[in-house]
Every structure is written in structure tokens, then in C-alpha cells.
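Only one structure is covered here, and it is reproduced in the block below.
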Amino acid sequence: MLRMSTLFLRTLRDDPADAEVPSHRLLVRAGYIRRIAAGIYSWLPLGVITLRNIENIVRQEMDRAGFQEVHFPALLPKDAYEETGRWNDYGPDLFRLQDRKGSDYLLGPTHEEMFTLMVKGEYSSYKDLPLALYQIQTKYRDEARPRSGIIRGREFVMKDSYSFDLTDEGLVESYQRHREAYIKTFDRLRMKYNIVSAMSGAMGGSASEEFLAPCETGEDTYVLCEKCGYAANVEAMTTVVAPADASKVAPLEVFDSPNTPTIDTLVELINAKFGGGYDGSMTLKNVMLMADEKPISVLVPGDREVDLKRLEANLAGVNDIRVFEDADFAKFPGLVKGYIGPQDAKKNGITVYADPRIARGTSWVTGANAKDKHARNVVNGRDFTVDSYVESAQIKKGDACPKCATPVIIDRAIEIGHIFQLGRKYADSLGLTVLDQNGKSQVVTMGSYGIGVSRAVAAIAEQSNDELGLSWPVEVAPAKVHIVATGKEDAVFETAEKLAADLEGAGVSVMLDDRRGTSPGVKFKDAELIGIPVIVVVGKALEQGNVEVRVRRTGEKSEVAVGQALKAVTELLPTLP
RNA sequence: CGGGGCGUAGCGUAGUGGCUAGCGCGCCUGCUUUGGGAGCAGGAGAUCGGGAGUUCGAAUCUCCCCGCCCCGACCA
């Protein structure tokens with residue numbers, strides 16, 4: 001039982017000055033967490049209990065799915081990370097340190113290497129597979145910009161699991177098992193979420209999905225089709241465009257276009273010149289980029305920007321992309337800034353990438369590669385060629401769903417889980433093999449799955465709060481019932497004590513506000529701020545032999561006889577989220 | 001890393017060269033009060049982020065450093 005009279009807790013009346021997003025503001029005000037440094041927080045008793053509740057739900061669902069818990073140190077020698085190349089590839093986000101002998105260590109940002117080696121050390125037969133292991137552990141990443149309280153921290157708690165299979169089909173099955181376990185977990189946490197297609201990114205591998213909890217303060221953007229349910233991270237959103245028939249398009253025509261350095265000025269000019277009917281989407285923008293210091297041109301419709309994130313995610317084998325600078329233009333005199341068209345790309349030795357919207361046979365208005373000159377009726381396949389198609393244009397609200405063509409909506413969310421099929425990358429570089437039925441050595445294929453446990457505290461807080469404070473789901477809350485004793489008569493406190501003891505006896509965790517001499521207003525405000533789902537007030541109504549039962553989330557109140565309170569509360573709890 | 005903002009008591013803040021750094025919350029003591037962050041009286045609590053400088057005099061001006069927040073870049 002938690003007692004307000006002794007609980008290590010001080011709630012704050014004012015919002016902390018350094019907190020903006022609701023979860024951060026309220027978790028600090030209600031005394032769950034305190035900031036230690038940027039992206040590094042300590043947990044006070046209420047926070048620890050809440051975090052543990054979430055951890056335990058995650059643990060139970062992992063165990064139920066047949067995954068086995070292990071535990072690694074956070075402090076790791078660099079060896080394994082050297083072997084996979086991540087000691088360097090991970091870059092400045094890796095916390096590195098040395099021991100007294102000068103040996104290199106790191107604080108684990110994720111544990112693929114360690115799990116792979118652990119399995120390698122124990123297992124060597126196909127008969128041992130499939131296998132899935134997990135841990136709940138503190139991770140360290142020296143984020144360039146930690147933000148939003150515990151939504152993106154530099155130290156955070158994560159559940160990470162890894163599956164090990166002999167075959168690709170086995171991996172797909174393991175992936176599905178994890179997917180289902182995640183659905184059960186997040187449902188139990190009472191979170192609103194969408195499962196969206198994602199890019200596997202730097203981790204390599206094929207299929208990947210993210211569990212995104214929609215909320216305004218989220219830092220991920222994703223598209224959602226309300227009709228067919230298609231959901232994808234913007235990076236993974238695909239564009240379906242049918243090739244056009246260009247046989248009737250008039251020949252390419254170069255025209256004078258002075259003072260049209262931007263798409264807007266160009267559209268204005270061509271509408272005046274050719275009798276209207278043009279808009280930005282009919283022009284072709286040539287964005288010059290350096291991909292690993294090789295010049296590339298990316299073609300997108302004039303009314304859209306190049307989305308560098310999407311481009312980078314979809315452009316295989318390129319590490320670094322940057323926009324052209326003046327020095328780069330100087331090296332390519334054939335490129336006339338503001339008047340570039342893809343017609344001469346070959347001649348200039350530039351690789352041309354195009355967004356799928358620039359389909360074969362489509363006709364465009366674009367630069368004519370000469371100062372103050374543009375061209376119209378420039379047809380893909382006739383007047384220029386595209387080396388490769390790559391999703392690169394910015395996604396807009398209302399773009400067509402790739403599955404059913406319905407206009408999609410765009411929403412923001414917090415990433416709370418990520419599952420993906422890793423493949424053999426780590427098993428290969430660390431030599432994790434098993435003998436198959438024929439006694440032949442086979443490289444194991446892996447899946448990797450993560451849940452941001454401490455981030456889930458923030459995500460749930462983001463999704464369940466109001467102007468009064470937090471409002472936790474029953475299974476997550478630091479206690480299920482918050483009993484407020486108001487008044488100065490001993491009878492009130494005695495009744496409250498007894499009810500608290502009875503509830504605890506029935507397996508219902510209780511927070512009891514047993515502070516004497518604290519005014520009722522303070523107790524109510526604190527209870528609402530802390531966000532325990534059921535508030536029982538033992539006070540004025542006691543004269544009639546009643547207590548008041550309130551539902552935090554809805555504000556519903558009802559009076560029940562003291563003798564009925566235990567029953568009323570235990571019956572109420574299962575009906576709440 | 002680029003842009004913007006900020007750093008004064010546990011929290012929120014006032015104070016643009018001049019007296020002992022002010023106020024609210026919280027905290028302590030006493031009295032009163034007890035259904036919506038009570039009242040009165042008294043009290044404790046601050047090297048004004050750090051260092052150097054300018055000045056008769058610096059929270060206030062200058063320089064350097066540190067830290068925090070927001071936007072962007074980045075982010076398995």
C-alpha cells in the first residue's frame with residue numbers, strides 16, 4: 001500500500017520551465033521523474049512502479065509467446081562490435097569509454113552482436129532452432145538531440161528480442177509470432193497504435209514494421225488509408241503511377257523564360273505564354289545532389305520537394321547524400337542553376353534518378369540547360385532517360401493509397417515498437433552457423449524486435465491525460481485505487497484505512513491519502529494529477545454511511561454504502577480501460 | 001552540427017550599472033481552518049550557471065567556458 005503521508009513524492013503546482021510536451025510536463029509535475037541531464041532521467045517511486053508495471057506486462061507476453069529472457073551487461077567490450085563494423089558505423093551516437101588499461105568499451109545501444117555470440121556459444125545444431133531470446137535492459141545512445149522528456153532519451157529501457165532460424169520460412173514464422181505477441185502487449189497496455197510498413201534502414205534485412213502510437217507530439221510521420229487500412233512510414237510509402245502514352249505529344253519546344261528561377265515564376269510565365277492551364281505539378285524539378293561525392297539528379301514534380309529522408313531510405317548502397325553547393329556547380333558548367341533539365345544528363349555524366357511520378361511517357365515543362373530557357377513537351381523516354389526510379393518526392397496529404405487509391409491522411413506518432421527480419425548479416429559476420437540435416441554448416445537467419453519500455457510510459461501518458469493531469473490505464477497505473485480521506489474526524493481516517501486494507505486483501509493495489517491537516521482541495525488536485533484510475537473519497541458522505549467512487553478518466557461519481565465499497569470497486573475495475 | 005530562446009532558493013519568477021536581490025508556491029513553528037491547490041503571524045532557505053575582465057560599484061556591461069529547452073539536420 002502506498003501512503004501519501006510517507007510516499008517519497010512532492011508534486012509541483014507549476015509546470016516545469018524545461019518541459020513542453022504533456023507527458024514530460026505531467027510526469028515531472030506529478031513526481032514520477034526528474035531530469036538529471038539532457039535525455040537522462042531518474043525515476044521516483046511512482047515512476048518506478050509504473051515502469052515496472054509496463055515491464056511486467058511486456059515480460060508476461062514475451063514469456064507467453066515462448067520467448068526466453070536473458071540479460072546482458074550494458075557495459076560491453078568493443079570486440080564483437082568491431083567484427084560487425086558497428087564500432088565505427090554507429091558513429092558518434094555510441095557511448096565509448098576505456099577501462100584503466102586503456103581497452104575500449106561501449107555502452108550497448110542495441111545488442112544484436114551479443115545475442116548472436118551467446119547463441120553461437122551454446123548451440124550448433126538445426127535441432128535447437130527455432131529460438132527466440134529477449135531481455136529488458138537499459139540502452140545508451142548519445143543522441144544528437146534528445147527531446148521531449150523520456151520520449152527520446154540518451155538512456156532508456158528497451159525490451160529487445162532476437163529470433164534464430166535455419167530457413168527464410170522459419171524467419172517469417174518467428175516474425176509473425178513476435179508480431180502477434182506485440183499486438184497482445186500493446187493491447188494490454190491500452191495503447192492506440194498502428195502497425196505500419198517501415199524501411200529496414202541501416203540494419204539491413206527485408207521486411208520491417210513499426211508500431212506507432214499516434215499523438216501530436218510524436219516525431220514520426222506516417223500515412224494511413226482510412227478505407228483499406230494501409231499504413232506506412234512516409235519513407236516506406238509507395239507511389240503507383242501508370243505509364244502514359246506519349247505518341248500524341250508535340251515535339252519538344254524550347255522557349256525563352258527570363259527571370260524564372262523558381263517553379264512559381266515559371267508557372268506564371270508559361271500560363272501567360274501558352275494560354276493557361278499549367279500548374280506546378282506539370283513542371284519537372286531537377287534537384288542536384290551529391291551521393292557519396294558522385295553527382296546525381298533527382299526528378300520530382302515541381303510542386304513537391306525532394307524528401308531526403310525518403311530518398312536516402314530508398315537509395316540502396318549510398319551512405320551520404322548532400323545538396324549541391326556552388327562549388328559543385330562550378331565543376332559542372334553544363335548545369336545552369338535554375339534552368340536544369342534531364343535532357344543533357346548523360347552528356348554531363350550525371351546519374352538520373354526519378355520519382356515514380358515521373359513515369360515513362362509523361363510529358364513535362366522543365367529547364368532547357370541554358371540561361372533563361374525552358375522547354376515544354378519534354379517526354380520521359382523520348383527526350384530524356386531515367387537511370388533508375390526511386391521514391392523520393394515528398395508525400396502529401398491526399399496522395400493516393402498504393403493499395404486502393406483512396407486519398408491518404410498523414411499523422412504523427414511515437415514509435416513504440418519495431419520488428420524486422422534481419423536476415424544473415426550478423427550471423428554471417430560473427431560466424432553463427434549450425435549443422436543441418438545433412439551435416440552441412442548453415443548460416444542462421446535472424447529477426448530483431450524492440451519495444452521502447454520507458455518510452456511507452458511517455459507514450460501512454462501522451463495518450464491518456466487531460467487538463468487535470470495523468471489518467472493511467474488500470475494495469476499500468478502505480479495503484480488501482482486512490483483513497484482520499486478528507487476531514488478531521490478520526491472516523492474518516494479509520495474508515496479509509498479499513499477500506500484500503502480490505503482492497504489490498506482482495507488483491508487491489510491502493511494509494512491512501514492519509515495526510516492529516518492537508519486540505520481537501522490539495523488532496524483532490526494531487527489525486528487527479530497522479531492519475532490513478534479510481535478515486536474513492538471518504539469524507540462528508542460518511543455521515544450518511546457512504547463513500548464516493550469516482551472514475552478519473554470520465555469524471556463519473558457515485559455514492560455507495562461503506563459496506564458495499566469493496567464490492568463496488570472490485571466490480572468497477574474490470575470495466576475500465 | 002545550423003537557427004532561436006534561456007540559466008536568479010526545491011519549483012515558478014521579478015529585477016538593463018547604485019541601499020541588505022524582490023515576489024508566489026513549497027518547507028519549518030504557532031494559532032485558526034477542513035469538499036476543490038485555506039487564513040493570520042513568525043521563520044529557514046540564493047557563492048544570481050562557472051571563470052576572467054571593465055568599473056568607485058556588476059545578477060545587470062565585455063570575453064571565454066559550461067549547461068538546459070525548442071525548430072531543423074541526425075536517429076537500430
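These figures come from a predicted structure and were not determined experimentally. Protein chains get the first letters and strands the later ones, always in sequence-line order, with residue 1 at the start of each.
Once rounded to the nearest 0.5 Å, the distance linking CD of E415(A) with CG of L212(A) reads 6.5 Å. Taking CD1 from I483(A) and CG from L2(A), the interatomic distance works out to 11.5 Å, rounded to the nearest 0.5 Å.
Classification of the F211(A)-Y193(A) ring pair by plane angle, with boundaries at 30° and 60°, yields tilted. Between Y449(A) and Y182(A), the angle of the ring planes goes over 60°, which puts this pair in the perpendicular group of the 30/60° scheme. Using cut-offs of 30° and 60° for the angle between ring planes, the F67(A) and H178(A) rings count as parallel.
Between K285(A) and E305(A), at least one side-chain N (NZ, or NE/NH1/NH2) sits under 4.0 Å from a carboxylate O, which counts as a salt bridge. By the 4.0 Å N-to-carboxylate-O rule, R304(A) lies too far from D355(A) to be salt-bridged with it.
One can place CG of D513(A) at 13 Å from C1' of U34(B), the figure rounded to the nearest angstrom. If you take CD of E543(A) and C1' of U34(B), they are 13 Å apart, rounded to a whole angstrom.
Between R152(A) and P16(A), it is P16(A) whose nearest contact on RNA chain B lies nearer the 5' terminus.
Heavy atoms from other residues, nucleotides or ligands lying under 6.0 Å from CD of Q394(A) number more than 12. Residue-environment remark: NZ (K498(A)) stays at or below the threshold of 12 foreign heavy atoms within 6.0 Å.
Base engagement by E548(A) is indicated by at least one non-hydrogen atom pair under 4.0 Å involving a base atom. Residue F156(A) is in base contact, counting any heavy-atom pair closer than 4.0 Å across all strands shown. Here R455(A) lies out of heavy-atom contact (under 4.0 Å) with every strand.
For K557(A), the side chain to side chain contact (heavy atoms under 4.5 Å, CB included) partners two or more places apart in sequence, or in a different chain, are E548(A), R550(A).
Contacts between residues 478-493 of chain A and RNA chain B, defined by a heavy-atom separation under 4.0 Å, are made by T486(A), G487(A), K488(A). Heavy-atom distances under 4.0 Å link RNA chain B to G521(A), V522(A), F524(A), K525(A), D526(A), E528(A) of residues 521-535 of chain A, given in residue order.
With D514(A) contributing its side chain and S5(A) its backbone, the two residues share a donor-acceptor pair below 3.5 Å. Remark: side-chain polar atoms of H111(A) are paired, donor with acceptor, to backbone N or O of P73(A) under 3.5 angstrom.
Every pair tested for ring pair (Phe, Tyr, Trp, His ring centres under 6.0 Å) that includes a residue from residues 130-157 of chain A fails, sequence neighbours excluded, so the list is empty.
Side-chain proximity of D14(A) to G35(B), C74(B), G24(B): nearest is G24(B).
G18(B) and C31(B) have their C1' atoms separated by 42 Å, given to the nearest Å. A58(B) and G51(B) are spaced 14 Å apart, taking the P atom of each and rounding to whole Å.
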Nucleotide by nucleotide, nucleotides 65-72 of chain B touches protein heavy atoms under 4.0 Å in the pattern (B base, S sugar-phosphate only, - none) ---SSSBB
Dot-bracket for RNA chain B, 5' to 3', Watson-Crick and G-U pairs with both distances under 3.5 Å, [ ] for crossing pairs, | for partner on another strand, reads ((((((((.[[[[.)..(...]]]].(((((.......))))).....[[[[[..)....]]]]])))))))....
